[in-house]
There are 2 protein chains.
Amino acid sequence: MQSASVSEPQGTSEFVRDEDLTPRQQEVLESALALLVEGGEKALTTAKIASASNCSKESLYKWFGDRDGLISAMMAFQGSKVGAAVGQEDLGSASAFKNYLVRFACELLSVLAGDTSLALNRLAIGQASNDASPLGPLLIENGRGVIEAKAVGFLRSAEQKNYLTFDDARQTYHVLYGLIVRDVHVRLLLGERREFVMKNFERDAQTAIAQFYQLYGVEE
Amino acid sequence: MQSASVSEPQGTSEFVRDEDLTPRQQEVLESALALLVEGGEKALTTAKIASASNCSKESLYKWFGDRDGLISAMMAFQGSKVGAAVGQEDLGSASAFKNYLVRFACELLSVLAGDTSLALNRLAIGQASNDASPLGPLLIENGRGVIEAKAVGFLRSAEQKNYLTFDDARQTYHVLYGLIVRDVHVRLLLGERREFVMKNFERDAQTAIAQFYQLYGVEE
DNA sequence: CTCCTCAAGTACCGTACGGTACGGTTCTTG
DNA sequence: CAAGAACCGTACCGTACGGTACTTGAGGAG
């Protein structure tokens, strides 16, 4: 069992500490995610989650507090898998790094266009009007944050190796992001068909990186 | 009154033809939008709309069919105001056009960061998981579509006047969009504070346009 | 075997919402 | 002025959901 049981309400009244989830609880979160991907927030009712995962509603409330707690747990749970998704960078040579950037671009697009990512983003955005909703920040931290941190890291390294030249790594990353993603993410969030928005992944990624080098590459 | 009354169900069973809305109906849509901006989709109940606009629920259903019809009408109504927002382009000289691009960038950011735009996008995105929901396409057509059409237009003109050089105006516009908007839109949709995401409008717009010229500007 | 804990399944409660029906009032039209 | 339509306000209905309580059964410890 997890540390924060009924006995200690704890300061922030959290139910599941970070990542010490029972396998059973992970199963539940998994099927909840599947349910969300399938039918959107409307389909994410406590009854459906319970029946889909062969678990009682009472257990849901015992483990996650309430529906919002469960959703937060879903976000954190999914976020814990994102970090490993982006492969290790390769700064071996200028051209190797450029190739890596293309791979990074493809990876980024794949992640953003993934069913689960889209579903969670839709959920968080749908709740974002409510100021008290922690989902937006949670998603930013768990998804966007880790990728940005990683990217800023290898951009700085590339600059030190004189593959690129810029002032502010963060701003530079945002430009890179803009060149890669454009309005694709929002269009997907709005429900446009994936094949329609993203015909030819690879080519788009390559042009994006080429343009990025036009802006920040070092002349030789 | 509008043409499609109870007498004629019409092919698509639409209730309000495009834009022949009674002033009263416009008032209702206006307060519904205010309600949505205020409290998100959760606050957009038929009862609240009725009471907020001093109108009976019965009238709502008579005019708009059902809740979805009303929301669609809100989108179309708001969309009808977007077109005029973006000022007229100025192709008088190369530098005038560049200045206009900066203005365009600012305008685009203003529109995307507007309360109403954010609220409607959140609403449409929240429903996008439902395949049958027409809100996403509706929003894309009414918002994104008109701006893109306009932009593609003046990009083509600029290319003919030899201010810019490119192959595909559409793709070029998407790059321009990416440079201007980056991940700002999604972050705002997720609920991040406007002041935090968009500190210094003007400067960002100028850098974006400068970078755009690095990619597509003609040398002289 | 017995007790105890945990959790599944189900039944239940209060509430809130979408949608409908109705009485009363105003406004238009002849 | 009189007849009728439009419409507001409200009460109402069915349903669906979040959350709680209770019963049953399966393991685990003594």
Side-chain angles (χ1 to χ4, degrees), chain A residues 1-7 9 13 15-16 20-32 35-36 39-74 123 126-127 129-130 132-133 135, chain B residues 1-7 13 15-16 20-32 35-36 38-74 123 126-127 129-130 132-133 135:
Chain A
M1 16 246 83
Q2 73 280 4
S3 52
S5 191
V6 277
S7 52
S13 81
F15 276 73
V16 277
D20 48 6
L21 292 163
T22 303
R24 184 78 186 97
Q25 293 170 351
Q26 296 192 18
E27 284 177 33
V28 171
L29 293 181
E30 208 72 69
S31 50
L35 220 49
L36 176 66
E41 171 169 17
K42 195 181 76 76
L44 200 67
T45 71
T46 55
K48 282 180 184 164
I49 296 172
S51 96
S53 54
N54 290 329
C55 140
S56 75
K57 286 174 67 175
E58 195 167 17
S59 300
L60 292 185
Y61 286 97
K62 187 177 199 172
W63 293 335
F64 305 107
D66 59 2
R67 184 173 180 268
D68 290 340
L70 188 137
I71 293 177
S72 297
M74 288 167 63
L123 181 57
Q127 303 233 348
S129 49
N130 178 8
S133 173
L135 298 185
Chain B
M1 13 249 91
Q2 75 278 7
S3 53
S5 189
V6 276
S7 53
S13 80
F15 275 71
V16 276
D20 48 5
L21 292 164
T22 303
R24 183 79 186 98
Q25 294 171 351
Q26 296 192 18
E27 283 178 34
V28 171
L29 293 181
E30 208 73 68
S31 50
L35 220 50
L36 176 65
E38 186 80 19
E41 170 168 18
K42 197 180 77 73
L44 200 67
T45 71
T46 55
K48 282 180 184 164
I49 296 172
S51 97
S53 55
N54 290 328
C55 142
S56 75
K57 286 172 68 174
E58 197 169 15
S59 299
L60 291 185
Y61 286 98
K62 187 178 198 172
W63 293 335
F64 306 106
D66 58 2
R67 184 173 180 267
D68 290 339
L70 188 138
I71 293 176
S72 297
M74 288 167 63
L123 181 58
Q127 303 234 359
S129 49
N130 178 8
S133 173
L135 298 186

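These numbers come from a predicted model, not from an experiment. The chains referred to below are lettered A, B, ... by the order of the sequence lines, with proteins before strands, and numbering in each begins at 1.
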Atom [atom1] of [X] and atom [atom2] of [N]: how far apart are they, to the nearest Å?
X      : N       : atom1 : atom2 : answer
D66(A) : dT20(D) : CG    : C1'   : 13 Å
L60(B) : dA21(C) : CG    : P     : 16 Å
Y61(A) : dG9(C)  : OH    : P     : 17 Å
Q25(B) : dA6(D)  : CD    : P     : 12 Å
K42(A) : dG18(D) : NZ    : P     : 12 Å
L70(A) : dG19(D) : CG    : P     : 10 Å
L44(B) : dA16(C) : CG    : P     : 17 Å
D68(B) : dC17(C) : CG    : P     : 16 Å

- Query: Which residues within residues 49-59 of chain A lie with some heavy atom under 4.0 Å of an atom in DNA chain C?
  - Reply: N54(A), C55(A), S56(A), E58(A), S59(A)
- Message: Side-chain N or O of W63(B) versus OP1/OP2 of dA6(D): is the shortest distance under 4.0 Å?
- Response: no
- Does a nitrogen or oxygen in the side chain of R24(B) sit under 4.0 Å from OP1 or OP2 of dC8(D)? yes
Under the side-chain contact (heavy atoms from CB on, under 4.5 Å) rule, collect the residues that match up with [X], sequence neighbours excluded.
X      : value
N54(B) : R24(B)
D68(A) : D66(A)
S53(B) : V28(B), S31(B), I49(B), C55(B)

- Does the side chain of Y61(B) come within less than 4.5 Å of L70(B)'s, by heavy atoms? no
Show the distances under 3.5 angstrom between N or O atoms of the protein and N or O atoms of nucleotides 13-15 of chain D.
none

- Task: Quick one: list whatever passes salt bridge (charged side-chain N to carboxylate O under 4.0 Å, His left out) with E30(B), sequence neighbours left out.
- Result: K81(B)
- Closest to side chain of R67(A), choosing from dT20(C), dC17(C), dG18(D): dG18(D)
- Nearest of dG18(C), dC8(D), dG19(D) to any side-chain atom of T45(B)? dG18(C)
- Note on the structure: Residues passing the side-chain hydrogen bond (donor to acceptor under 3.5 Å, both in side chains) test with S59(A), sequence neighbours excluded, are S56(A)
- Message: Going by side-chain hydrogen bond (donor to acceptor under 3.5 Å, both in side chains), name the residues that satisfy it together with E58(A), two or more places apart in sequence or in a different chain.
- Response: none
- Task: Any pair with a residue in residues 40-51 of chain A that passes salt bridge (Lys or Arg N to Asp or Glu O under 4.0 Å), sequence neighbours left out, goes on the list, sorted by first then second residue, please.
- Result: E41(A)-R67(A)
- Task: Determine yes or no for a side-chain-to-main-chain donor-acceptor pair under 3.5 angstrom, with Q25(A) supplying the side chain and T22(A) the backbone.
- Result: yes
